[in-house]
There are 2 protein chains.
Amino acid sequence: MDIRWLQDFLALAELRNFTRAAEFRALSQAAFSRRIQSLEHWVGTALVVKGSQPVRLTEAGEQFREGAGASLERLLETRAAIRGSQFEVMSQIRLAMPNVLARSDFRRILAAIGPKVQSSFSVIVGTTAEVTARYLAGDADILLAHDCPALPSHEALATQDRVVLREDRFLPYVAQGRDFGFPGSAKAPFPLIAYAQRAYFARLFEHVLERNGGALAYRLSVQCDMSDVLKEVIAAGHGVGWLPESAVEPGAGVVALGGAEWELPLEICAYRPRRAAGPKLDALWAALRG
Amino acid sequence: MDIRWLQDFLALAELRNFTRAAEFRALSQAAFSRRIQSLEHWVGTALVVKGSQPVRLTEAGEQFREGAGASLERLLETRAAIRGSQFEVMSQIRLAMPNVLARSDFRRILAAIGPKVQSSFSVIVGTTAEVTARYLAGDADILLAHDCPALPSHEALATQDRVVLREDRFLPYVAQGRDFGFPGSAKAPFPLIAYAQRAYFARLFEHVLERNGGALAYRLSVQCDMSDVLKEVIAAGHGVGWLPESAVEPGAGVVALGGAEWELPLEICAYRPRRAAGPKLDALWAALRG
DNA sequence: ATGGGCCATGCAGGATTTGCATTGGACCAG
DNA sequence: CTGGTCCAATGCAAATCCTGCATGGCCCAT
């Protein structure tokens with residue numbers, strides 16, 4: 001029995017959807033499904049109700065959720081406590097952040113805290129889902145991530161200490177001098193540079209779509225995983241794509257398309273567990289607040 | 001992180017010896033050693049002190065032992081509770097027992113409880129170490145095993161409900177009509193049919209040896225894993241070997257060698273967890289007591 | 001009906017784990 | 001100091017387990 005199975009199950013219990021939970025746990029849906037099966041086999045009972053949408057837990061599942069959650073919490077806190085007490089020795093703070101922040105804001109963050117906090121770092125970078133999962137699994141002390149106040153964020157993050165580092169915006173960009181007839185029409189849809197299905201920003205874009213009914217008429221042009229790649233594709237003139245403002249440095253060759261209705265507010269946040277940490281981490285946290 | 005690593009670590013903390021703990025966990029010493037390393041890597045700290053005999057835990061190790069133990073207990077109890085509440089549905093009692101009991105006492109046990117308890121069974125058979133480990137891991141509801149009052153038994157079993165099914169003895173046997181000059185002399189040691197290193201009974205024999213100083217002069221003749229095999233080898237006239245009396249049915253072609261000093265008292269016991277179980281299990285337990 | 005979203009499963013490639021055999025170190029008796 | 005014994009770590013090959021991809025079957029909403 002791997003405790004990752006427990007974490008999978010808890011994510012499933014919360015998100016009530018195999019595909020989303022798999023995504024969140026940074027795993028294929030197939031592998032995720034089998035992990036849940038393995039867990040059910042280990043427990044000896046079905047934990048989720050078959051053929052039900054959205055996913056519901058069986059009675060045993062509810063019972064197990066509580067016990068497994070408490071058990072897991074105890075274990076991870078034990079580990080965190082041990083790591084915390086060894087903090088001065090190892091004096092390495094583990095940061096997790098999605099690619100886009102690593103490429104834009106990390107330098108600023110480093111500059112801000114560098115002189116105040118003396119410590120070595122290790123940095124975990126990946127997709128938003130990946131780094132969030134790893135942070136929650138205890139693989140990192142601090143998580144940096146975008147958060148969209150307009151969208152429900154993951155419940156597990158609601159229990160963390162949180163500080164807003166700065167405001168950001170999610171809005172459409174296009175290559176300098178181009179236009180593509182945005183926001184498009186049924187006859188002449190604009191070409192969209194979209195995020196791959198699994199990306200966090202893909203959900204933000206979907207939210208923009210929903211909010212505007214059919215006012216956006218697009219055709220899919222390119223799909224990218226990372227904001228940086230997407231930005232390059234936009235700059236190369238392939239179409240319109242949404243980016244966080246923070247990812248667009250001057251001279252990138254892309255310009256924003258106006259219109260508040262196409263825009264979503266974002267926050268760049270730092271998270272850390274509520275439990276006690278070491279002095280170095282406290283100092284870093286204070287620096288982030290200030 | 002596999003929770004088996006936690007169980008390994010807890011066994012190690014208790015037995016303070018990699019080899020013994022590996023044996024108890026039914027694993028090679030090499031694999032066991034690596035699992036501990038994996039766990040240490042997961043926690044992020046050394047848990048056991050290097051180069052120390054017997055094994056000692058680091059401070060972090062002690063701390064982790066407590067947390068991991070509590071976490072594991074919570075998890076396994078949750079599972080057990082779920083299984084317990086589903087007992088009437090599945091109505092299958094899972095018995096674990098070492099080979100020797102499966103071949104001798106199980107029939108009697110079955111006969112004794114069969115009419116009183118209506119339930120289907122599943123039976124796990126293996127070496128004593130294996131089935132004990134599996135029982136403690138929650139893979140069985142009841143464990144049947146030999147216990148020697150003269151030897152310290154495993155601590156983890158001390159916390160279980162326990163009932164003595166009957167008395168037994170561990171004593172030397174030889175082929176009918178043979179003798180081999182037992183207990184032997186330096187010039188003419190008797191040939192010993194011994195248990196393989198890993199077997200539980202091998203430890204009992206070692207205890208007999210220690211108790212008698214150098215009074216036993218033997219030379220190793222054959223080594224066997226299982227009592228039944230050993231019995232056959234004795235009957236074939238290859239030498240003297242220790243057996244539990246219960247394993248020797250009439251007409252087996254072997255006879256006991258007298259002398260209380262070569263003998264060890266044994267109990268055949270049943271164990272079950274202290275936590276609440278289902279009605280079927282309670283009925284079976286009552287039948288075992290009576 | 002039919003299309004789309006969702007979970008289960010066959011399969012092949014790949015990562016991890018295991019046991020065996022061996023090495024290197026600590027401890028002990030002489 | 002020395003040889004022997006007990007113990008844990010490690011190289012290596014085999015086996016096991018896990019993963020992702022592609023696909024199939026199911027249910028629900030249109």
Side-chain angles (χ1 to χ4, degrees), chain A residues 1-9 11-13 15-42 46-58 61 126-127 129-130 133 196-198 202-203 206 209-210 214 220 225, chain B residues 1-9 11-13 15-42 46-58 61 126-127 129-130 133 196-198 202-203 206 209-210 214 220 225:
Chain A
M1 221 289 291
D2 197 303
I3 66 162
R4 288 175 305 171
W5 299 355
L6 299 182
Q7 298 174 312
D8 292 335
F9 174 71
L12 177 61
L15 298 175
R16 311 166 87 76
N17 177 311
F18 277 67
T19 309
R20 299 284 145 65
E23 199 174 308
F24 175 71
R25 293 282 302 150
L27 205 68
S28 75
Q29 173 266 321
F32 185 86
S33 179
R34 269 189 274 250
R35 279 196 188 174
I36 297 297
Q37 288 174 46
S38 300
L39 182 63
E40 287 183 322
H41 181 257
W42 183 77
L47 298 174
V48 303
V49 179
K50 304 273 170 196
S52 151
Q53 219 65 43
V55 168
R56 278 183 312 122
L57 299 189
T58 63
T127 69
E130 273 167 22
Q197 287 294 353
R198 317 191 118 202
R203 272 187 247 171
E206 277 173 30
L209 266 190
E210 284 173 26
L220 197 60
D225 266 306
Chain B
M1 221 288 292
D2 197 302
I3 66 161
R4 287 176 306 171
W5 299 355
L6 299 182
Q7 297 174 311
D8 292 335
F9 174 69
L12 177 61
L15 297 175
R16 312 164 84 77
N17 176 311
F18 278 69
T19 309
R20 300 283 143 66
E23 200 173 308
F24 175 73
R25 294 281 302 148
L27 205 70
S28 76
Q29 173 265 319
F32 185 88
S33 179
R34 269 188 275 248
R35 280 197 188 173
I36 297 296
Q37 288 174 45
S38 300
L39 182 64
E40 287 184 321
H41 180 257
W42 183 78
L47 298 173
V48 302
V49 179
K50 304 272 170 198
S52 151
Q53 221 64 43
V55 168
R56 277 182 313 122
L57 300 188
T58 63
T127 68
E130 274 166 21
Q197 288 294 352
R198 315 191 120 201
R203 273 187 246 172
E206 276 172 31
L209 266 190
E210 284 173 25
L220 197 61
D225 267 307

Could you check which of [options] has an atom nearest any side-chain atom of [X]?
X	options	value
B:A30	C:dA21, D:dC7, C:dC7	C:dA21
A:S28	D:dG20, D:dA8, C:dC7	D:dG20
A:A31	C:dC7, D:dT19, C:dT9	D:dT19
B:R34	C:dC20, D:dC7, D:dC21	C:dC20
B:T19	C:dT9, D:dC7, C:dT18	D:dC7
A:Q29	D:dT19, D:dA8, C:dA8	C:dA8

Look at the side chain of B:Q37 against the base of D:dA9 and say whether a donor-acceptor pair falls under 3.5 Å; ignore hydrogens and angles.
no
Determine whether any donor atom in the side chain of A:R20 lies under 3.5 Å from an acceptor atom in the base of C:dG5, or the reverse, and answer yes or no.
no
Closer than 4.0 Å, any side-chain N/O of [X] to the OP1 or OP2 of [N]?
X	N	answer
B:S33	D:dA9	yes
A:R4	D:dC18	no
A:N17	C:dC7	yes

In whole angstroms, how far is the [atom2] atom of [N] from the [atom1] atom of [X]?
X	N	atom1	atom2	value
B:D8	C:dT18	CG	C1'	13 Å
B:F18	C:dT18	CZ	P	15 Å
B:L27	D:dT16	CG	P	15 Å
A:D2	D:dC17	CG	P	14 Å
B:E23	C:dG19	CD	P	13 Å

Closer to the 5' end of DNA chain C via nearest nucleotide, is it A:L12 or B:F32?
A:L12
What heavy-atom pair brings A:F24 and A:A133 nearest, and what distance separates the two atoms?
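For A:F24 versus A:A133, the nearest heavy atoms are O-CB, 3.4 Å.
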Where is the tightest heavy-atom contact between A:L57 and A:F9, given as atom of each residue plus distance?
CD2-CE1, 3.9 Å
As an exercise, state the distance from CD1 of B:I3 to CE of B:M1, rounded to the nearest 0.5 Å.
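Taking CD1 in B:I3 and CE in B:M1, the distance rounds to 8.0 Å.
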Is the backbone of A:L47 close enough, under 3.5 Å, to the side chain of A:E40 for a donor and an acceptor to pair up by distance?
yes
Walk me through whether B:L15 and B:E23 qualify under side-chain contact (heavy atoms from CB on, under 4.5 Å).
CA-CA 11 Å; B:L15 297 175; B:E23 200 173 308; over 6 Å; no
